[in-house]
Amino acid sequence: MSDEVPQSEAAENPSHLEAARREKLRRVQELGHDPWGQRFDDQLPIGSVLKLQEQVYYENEAGEKTPLPEDREAYIAWRNENRRVELHGPKVRAAGRIVLERTKGKLIFLDIMDWTGKVQIFVGRKQVGEENWALAECMQLGDIVGVDGEFKLTNTGEPTIFAEKLHFLSKSLETPPDKYHGIHDPEIRQRRRYLDLIHTDGVMERFLRRSKIVQSIRQTLASESFVEVEGPTLHSIAGGAAARPFTTHHNALDMDLFLRIALELHLKRLLVGGIERVYELGRVYRNEGISPKHNPEFTMLEAYQAYGDYRSMMDLTEKIIVNALEATGQPLKVQYGEHEIDFTPPFERKTYDELFLEHTGVDPKDEAAVAKLAAEIGFDIKGRHPDVIKSDVFEEKVEDALEGPIFVMDYPASICPLTKRSQTEPEIAERFELFVKGMELANAYTELNDPDLQEQLFKTQLEGMSAEDSMAKMDNDFVTALRNAMPPAGGLGIGIDRLVMLLTNATSIREVILFPLLRHEA
RNA sequence: GAGGAUGUAGCUCAGUCGGUAGAGCAACGGACUUUUAAUCCGUAGGUCCAGGGUUCGAGUCCCUGCAUCCUCACCA
């Protein structure tokens with residue numbers, strides 16, 4: 001490196017904390033080591049290292065290999081009586097980030113952490129020699145280092161790798177957060193998720209668990225012969241749900257486009273095309289408010305099964321959730337905040353009307369009574385469709401009260417423009433929503449496959465409902481697809497982030513999304 | 001979009017009635033060969049979120065803006 005190499009602004013004008021770190025970096029280079037490290041083979045995950053503890057032994061007076069007292073107290077007592085006895089343990093190589101450092105004279109204790117665990121490293125000046133000692137003196141909190149050594153116990157019974165050779169793997173130029181308190185500022189936790197993953201207990205576990213849940217869902221669907229596909233995220237008509245879309249533009253085609261708000265309409269086209277069990281697990285985008293339960297981009301599962309109906313989707317929903325619990329090593333009754341959620345199947349199943357009556361005391365079929373109740377709550381009822389009014393009351397009085405898990409079945413048909421009507425009661429749509437802790441977790445229909453009715457419903461804008469609030473957006477291309485015969489089918493949507501919230505005991509959706517949307521930094 | 005809370009050293013936080021900016025951790029120098037949030041001695045580190053106002057004097061009081069969190073609204 002010559003002096004003419006341009007340096008970053010930070011390098012030219014470092015804080016005293018950074019200057020100290022750059023000085024250590026320089027000394028690592030002086031010692032002939034690469035501060036940014038090299039490929040490091042054959043290292044054992046720290047979690048696996050810790051499992052080797054039972055292999056630690058000593059030789060008794062007869063020269064026989066003897067295991068150590070298992071109990072830590074007993075070991076310490078034994079050790080105090082037998083300080084001179086040499087311990088033997090397996091040779092290991094490990095790598096990780098330094099999260100704690102204690103120096104004691106010519107000793108350095110480092111705690112290094114990888115994504116499987118944390119282990120202590122003992123560096124004794126006499127034991128490792130001057131070269132390694134000099135390198136160890138350059139190691140700071142936040143640096144990533146490797147070690148070769150013998151895995152055994154200290155006098156206090158701490159499982160420890162006794163360093164024989166040290167490796168510098170990557171230098172941190174930034175000072176890590178408080179080693180005891182970590183990061184409390186939720187803004188830093190979200191903007192700099194890497195620090196959160198390192199320093200906040202449970203964060204790594206939660207995101208690894210999210211991955212396991214998603215993996216399990218794919219397995220469950222595969223075992224039911226569903227095929228995963230990828231539909232377009234750029235739509236010319238943002239249909240399939242009631243939400244405001246994000247808008248964007250394609251320059252070469254000079255074409256306004258929307259980011260998808262649902263997966264539905266393209267998956268149903270594939271049902272027409274003969275992919276009889278099809279699903280997509282992907283991101284959708286809704287230009288709506290942000291809350292502990294809402295992020296502008298979130299992950300959705302939608303699955304469609306030819307020749308099924310909404311009842312088939314209830315069974316599938318239960319399977320997906322129960323398997324996800326099993327895959328993450330959880331019981332069917334999970335703790336969520338102060339409460340317990342019992343996911344033991346079958347989940348409770350009740351109709352919309354039953355629940356309406358139960359929670360309001362008003363007969364849902366009595367339009368006048370429902371309207372009166374809505375007016376009492378404070379809803380504007382003028383010029384609005386009776387079912388829209390009923391739906392408002394339902395959301396206000398019933399949904400939040402549903403502890404669940406409960407399948408709410410049979411919605412008013414007029415608010416479900418993509419759903420097949422009940423054969424016996426045409427004013428009822430074969431639709432369910434799964435509620436848990438007042439949160440809508442899943443939504444499913446017997447899919448409407450009558451192209452004429454679909455076209456008619458797309459045209460019908462319910463009174464008092466804005467275009468954005470309506471799921472009914474004319475999509476001629478989709479209607480044309482239906483004209484080619486879509487098999488009768490069940491369809492299911494599950495909000496993956498919310499499922500992960502429930503299965504990882506998170507109260508905010510931002511705790512289960514790695515990089516939630518934030519405004520520009522102040 | 002509305003209301004409330006918060007914003008001080010790299011991190012976690014104090015800061016009284018408006019009167020020269022504080023601690024712990026981290027950093028730097030030193031002591032210590034089985035420590036573990038190690039300990040002890042010493043040193044350094046600040047655009048008090050930003051801008052304006054009141055005042056002899058503002059981290060503190062007032063106004064505006066920005067960001068985060070919470071509640072509500074919209075939504076899944």
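Protein chains get the first letters and strands the later ones, always in sequence-line order, with residue 1 at the start of each.
- Across all strands shown, A/Arg83 has no heavy atoms under 4.0 Å from either base or sugar-phosphate atoms.
- No engagement by A/His199 is indicated, since no non-hydrogen atom pair under 4.0 Å with the nucleic acid exists.
- Contacts of A/Gly182 with the nucleic acid, taken as non-hydrogen atoms under 4.0 Å apart, involve only primed sugar atoms and P, OP1 or OP2.
- Every residue two or more places apart in sequence or in another chain that forms a side-chain contact (heavy atoms from CB on, under 4.5 Å) with A/Ala303 is listed here: A/Leu221, A/Phe226, A/Tyr279, A/Leu316.
- For A/Phe298, the ring pair (Phe, Tyr, Trp, His ring centres under 6.0 Å) criterion is met by no residue, not counting sequence neighbours.
- Listed nucleotides: B/U36, B/C11, B/U33. Nearest to the side chain of A/Asp178: B/C11.
- If you check every strand for non-hydrogen atoms under 4.0 Å, A/Asn80 touches nothing.
- Listed by chain and number, the residues in a salt bridge (Lys or Arg N to Asp or Glu O under 4.0 Å) with A/Arg72 are A/Glu158 (sequence neighbours excluded).
- Against RNA chain B, the stretch residues 155-164 of chain A makes heavy-atom approaches under 4.0 Å through A/Asn155, A/Thr156, A/Glu158, A/Phe162.
- For A/Lys350 and A/Glu348, the salt-bridge test passes: some basic side-chain N is under 4.0 Å from an acidic carboxylate O.
- Every residue was checked against the ring pair (Phe, Tyr, Trp, His ring centres under 6.0 Å) condition with A/His199, not counting sequence neighbours, and none meets it.
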Can you check nucleotides 69-73 of chain B for protein contacts, nitrogen or oxygen pairs under 3.5 Å, and list what you find?
{"unit_1": "B/C69", "atom_1": "OP1", "unit_2": "A/Gln190", "atom_2": "OE1", "d": "3.4"}
{"unit_1": "B/C69", "atom_1": "OP1", "unit_2": "A/Gln190", "atom_2": "NE2", "d": "3.1"}
{"unit_1": "B/C69", "atom_1": "OP1", "unit_2": "A/Arg510", "atom_2": "NE", "d": "3.1"}
{"unit_1": "B/C70", "atom_1": "OP2", "unit_2": "A/Arg510", "atom_2": "NH2", "d": "2.6"}

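- Partners of A/Phe258 by ring pair (Phe, Tyr, Trp, His ring centres under 6.0 Å), not counting sequence neighbours: none found.
- As judged by a 4.0 angstrom heavy-atom cut-off over every strand, A/Lys152 is placed among residues making no nucleic acid contact.
- Contacts of A/Phe515 classified as side-chain contact (heavy atoms from CB on, under 4.5 Å), with partners at least two apart in sequence or in another chain: A/Arg193.
- Contact annotation for A/Leu153: no contact, since no heavy-atom pair falls under 4.0 Å across all strands.
- Within the nucleic acid shown, A/Arg192 has no heavy atom closer than 4.0 Å to any nucleic acid atom.
- Around the NZ atom of A/Lys397, the shell of radius 6.0 Å holds no more than 12 heavy atoms that belong to other residues, nucleotides or ligands.
- Of the residues in residues 130-147 of chain A, those lying under 4.0 Å from RNA chain B by heavy-atom distance are A/Gln140, A/Leu141.
- Nucleic acid contact class of A/Arg286 (heavy atoms, under 4.0 Å, all strands): base.
- If you check B/U12, B/A76, B/U35 against the side chain of A/Glu440, the one that comes closest is B/A76.
- Contacts of A/Arg283 with the nucleic acid, taken as non-hydrogen atoms under 4.0 Å apart, are absent.
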Detail all sub-3.5 Å separations between protein N/O atoms and N/O atoms belonging to nucleotides 38-41 of chain B.
{"unit_1": "B/A38", "atom_1": "OP1", "unit_2": "A/Lys179", "atom_2": "NZ", "d": "2.3"}
{"unit_1": "B/A38", "atom_1": "OP2", "unit_2": "A/Arg102", "atom_2": "NH1", "d": "3.0"}
{"unit_1": "B/A38", "atom_1": "N7", "unit_2": "A/Thr103", "atom_2": "O", "d": "3.1"}
{"unit_1": "B/A38", "atom_1": "N6", "unit_2": "A/Thr103", "atom_2": "O", "d": "3.2"}

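- The stretch residues 172-194 of chain A participates, sequence neighbours left out, in no ring pair (Phe, Tyr, Trp, His ring centres under 6.0 Å) pair at all.
- The ring pair (Phe, Tyr, Trp, His ring centres under 6.0 Å) pairs that include a residue from residues 114-133 of chain A are A/Phe109-A/Phe122, A/Phe122-A/Phe162, where partners are two or more places apart or lie in different chains.
- A/His184 has a side-chain polar atom (N or O) that falls below the 4.0 Å cut-off from OP1 or OP2 of B/C13.
- The separation of B/A58 from B/A50, taken at their P atoms, amounts to 15 Å, rounded to a whole angstrom.
- Evaluation of atom-type donor-acceptor distances gives no pair under 3.5 Å for the side chain of A/Asp185 against the base of B/G7.
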